[in-house]
Amino acid sequence: MYKEIYPHIFLLEIPLRNNPLKALNCYIIKGEESLVIDTGFDTEENRDILLGALKDLSIDPKKTSLFLTHLHSDHTGLAAYLAEEGVKVYMGAIDGKILMESAHEDSPHWMKIKRLAELQGLAPDNLNIQDHPGFRFRPKSVPQLHITKEGHLFNIAEYTLKVIDLPGHTPGLQALYDEEKGLLFSGDHILMTITPNITYWGEEMGDSLGIYLRNLDVVEGLELKQIFSSHRQLPENHKERIEELKNHHAHRLQESLDILRKNGPSTVREVTKGLQWDIRAKDWNDFPSSQKWFAAGEAHAHLRHLEELGKVKSESREGILYYSLKD
Ligand SMILES: [Zn+2]
């Protein structure tokens, strides 16, 4: 299930069961010291696949580092397990902190997600954090993390991989860039065929979509021969893909403005209901609750970006945010 797609760089497809992402592209770079980039979920199946591949490639876990691009559980699920095998685990400080604050239902991260749902007007949906996929699949323990700052270098085989900060999809997403060879391990920053989920994370991050769009520009400015992304097929023409992603969000922003123009002051939930969604559901009531969390977060990120652009304003009434057009 793995293949060498570049000298000493192996792509291992790790299946993500019952998940629309389908699989994680896990990268294994084999050298005297080896590097694994992201892990898959904390499931027996994923564990067997990853460990089986390392064994097959004769890679010694004790001479291996794991780099986690961001906090999502399909990327970090097996980190604690690999650490027990002797792997050194690296991750950025921002996502590392959130990961450490996500272990239990009453941990700070999930308390914040619940507060945001109230702010978004989702109270009538009676959402349960147990249905939040991020909670359901969260890693149950977090290993000791070696914190990577921008500029940190991994010298593995013939590659010099530099850590670069590309927040947007998560508050602290990091990618690995080989400048000389023009390679970028992008995590979920740029994906083909699916649009990376951009959500609202609260005011510590603020305008997450604006940050994401600026970091698309950063990647557009890099000289790249190949992007190694975390899901689906690899982008062949990254500039073209970046344009598509920007157009997608421009369309979404316009759609949100049109809804506010038509309906007047609206909660995030009301705007979410008015947006077009690619999911097989008749209406909002028919949305699985796991998808309601994501959809509202995405709508909120777009409204927050419009606010940053000076096109809409928000006010809080009884703990619920209302967005309206700025005249
Ligand atoms: Zn992700």
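We use all heavy atoms of the structure for the numbers below, so side chains are in, but hydrogens, waters and symmetry mates are not. In each ligand, atom 1 is the first atom listed, and ligand 1 is the first ligand listed. Position 1 is the first residue of the sequence; numbering continues from there. What you see is a predicted model, and the numbers here were worked out from it, not measured in a lab.
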Ring pair (Phe, Tyr, Trp, His ring centres under 6.0 Å) partner of Phe67, the single match among Phe154, Tyr90, Tyr27: Phe154

Which word best sums up how the rings of Trp110 and Phe135 line up, parallel for under 30°, tilted for 30 to 60°, or perpendicular for over 60°? perpendicular

Could you please tell me which protein N, O or S atoms lie under 2.8 Å from the Zn ion (ligand 1)? His70 NE2, His72 ND1, His169 NE2, Asp188 OD2

Are Lys114 and Glu118 within salt-bridge range, i.e. N to O under 4.0 Å? no

Residues in side-chain contact (heavy atoms from CB on, under 4.5 Å) contact with Ala175, at least two apart in sequence or another chain: Ile164, Leu166, Leu184

Out of Lys140, Arg138, Arg136, Arg47, which residue meets the salt bridge (Lys or Arg N to Asp or Glu O under 4.0 Å) rule with Asp42? Arg47

When rounded to the nearest 0.5 Å, the distance separating OG1 of Thr170 from NE2 of His75 is 9.0 Å

